[in-house]
> 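My questions all concern the structure below.
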Amino acid sequence: MTERPPLLMIPGPVEVSPGVLAALSVAPPSHNAPALIEAFGSALAAMRQIWSAGPAAQPFVVAGGGTLAMEMAVGNLVAPGDPVVVVNTGYFSDRLTEMLRRQGAVPLEVSAEVGDAPTEQKVREILFTHRRAGPWRALFATHVDTSTGVRIDPEPLARLAREHGMVSVFDGVCATAGERFDMAGWDADVYLTAGQKALGLPPGLAMMVVSERALAARASHRGRGPALYLDWERWRPVMLAYEERRPSYFSTPATNLILALAAGLREILDEGLAARIARHERAAAALRQAWDVLDLAPVPVRPELAANTLSALLFPAGVDGSLVARVLAHGVMVAGGLHPAIKDSYFRIGHMGYAVSRPDLLRRTVEAVAVSLRDAGRAVDPRRALAPLDALEGQQTAAPAARRRAAKSSS
Ligand code: PMP
């Protein structure tokens, strides 16, 4: 007998929509198949819109994870000996620093206490203090750090990078399409991501959009250049060809995932990017109210630092990591801590992609957490915790794709 899998509410991978699942579940097409070419081309065009990128920027989609997308940015932009800046907000910023060091770069890290983010002012001051270590080649920052739930504001950092002649690189793995990012408006250079988070796809795709300035920085790379699979210059002709609806080959694309990508990005654009982000915002606000009722304090130290896409929540008195297993026993999978400094004192819940268009799934999550807290001895009232979700249900009108499906099934 196959058991029903738990509802996947970790910060990636996430639940995917029926439309994405259907696009994925076909016999693998060749990389030259007309349907694949069309899907690839339309996905690249959709990325330009979802990233708010200018016409000269180049989208890339490569089989791999978010870490591969990070490696691509580092490998194409940084040569041994390059001074670079990392705005560090947690586990994934640490990973970036490690990558940069392995590449032989010399990172200057600007950090904050766990749960906080360095202010623009602090970054400016540290750059000034260390001005003799520059000029810096690039500035790296994590839009939403999945280990802490901390969201930074990329706009002032992109501006700062511009002032210092650095290219700016933002890791949007836990943010893209759930948080606002205006690549052209902010004049940012690289926004990288992966499929399995707010884009609402299965894992397996590394994606990024790269500015003309960053492509020029690759062209004038002062080292031996990136590893072949990472090289924007090898991939660019492939991306240009597919966007013109011609087949091309450098390394075999994950063809089923490209079909799913095209379907998923179409759903986002059908709904409208701004509406989609507003939906994430409303869901996050309702969930924050629910966590407050349950005495679950957020790891981010100020409300404006709390991401739309996940909640990182400290265990209340008398509760420990066994809560995660209790929640799973109620059919919902949430995640344990990840940041090494606070690993055993908090847990994480993802709320991004398809799940935020399903208030019933968010309700199930809050209910499972509330009942598990009660099982663990906390005096909580699950009904009170669910009240903000009742209000949300009224606000979250169904996404267009869900409306169409509902109309179809009732006809
Ligand atoms: N950056 C961030 C912000 C992430 O959340 C993750 C994945 N949790 C990664 C990078 C790495 O992505 P992947 O696990 O797909 O390699």
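Note that ligands are numbered from 1 as they come in the structure, with each ligand's atoms numbered from 1 the same way. Quick note: residue numbers are just sequence positions, from 1.
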> Going by the atom numbers of ligand 1, which of them fall below 4.0 Å from some non-hydrogen atom of Val144?
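The atoms of ligand 1 under 4.0 Å from a heavy atom of Val144 are 3 (C).
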> Tell me the protein heavy atom at minimum distance from atom 8 (N) of ligand 1, and give that distance in Å.
Lys197 NZ, 2.6 Å
> The test is ring-ring contact (aromatic ring centres under 6.0 Å, His included); show your working for Phe40 and His31 and say whether it passes.
CA-CA 9 Å; Phe40 213 141; His31 58 292; over 10 Å; no
> Nearest heavy-atom pair of Leu261 and Ala43: which atoms, and what distance?
CD2-CB, 3.7 Å
> Could you tell me whether some N/O pair between Gly66 and ligand 1 is separated by less than 3.5 angstrom?
yes
> As an exercise, identify every atom of ligand 1 less than 4.0 angstrom from a heavy atom of Thr146.
2 (C), 3 (C), 4 (C), 5 (O)
> Report yes or no: do His339 and Asp145 form a side-chain donor-acceptor pair below 3.5 Å?
no
> What is the nearest protein non-hydrogen atom to atom 14 (O) of ligand 1, stated with its residue, atom name and distance?
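It is Gln196 NE2, 4.1 Å.
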> Is Glu15 salt-bridged to Arg358, going by a charged N under 4.0 Å from an acidic O?
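So Glu15 does not pair with Arg358 through a salt bridge.
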> On the 0 to 90° scale, with breaks at 30° and 60°, tag the Phe250-Trp235 ring pair as parallel, tilted or perpendicular.
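Ring orientation, 0 to 90° scale: perpendicular.
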> For ligand 1, which atoms, with element, lie under 4.0 Å from some heavy atom of Met70?
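Listed by number with element, the hits are 10 (C).
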> So which heavy atom in the protein is nearest atom 6 (C) of ligand 1, and how far is it from that ligand atom?
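Answer, as residue, atom name and distance: Phe92 CE2, 3.3 Å.
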> Should Val84 and Leu108 count as side-chain neighbours, where that means a heavy-atom distance under 4.5 Å?
no
> Pull out every atom of ligand 1 sitting under 4.0 Å from any heavy atom of Thr67, numbered as shown with elements.
11 (C), 12 (O), 13 (P), 16 (O)
> Check ligand 1 against Gly65 and write out every atom of the ligand that is under 4.0 Å from a heavy-atom position of the residue.
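Within the 4.0 Å cut-off of Gly65, ligand 1 contributes 15 (O), 16 (O).
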> Looking only at protein heavy atoms, identify the closest one to atom 1 (N) of ligand 1 and say how far it is in Å.
Asp171 OD2, 2.6 Å
> Angle between ring planes, Trp51 versus Tyr191, binned at 30° and 60°: parallel, tilted or perpendicular?
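Rings of Trp51 and Tyr191: perpendicular, over 60°.
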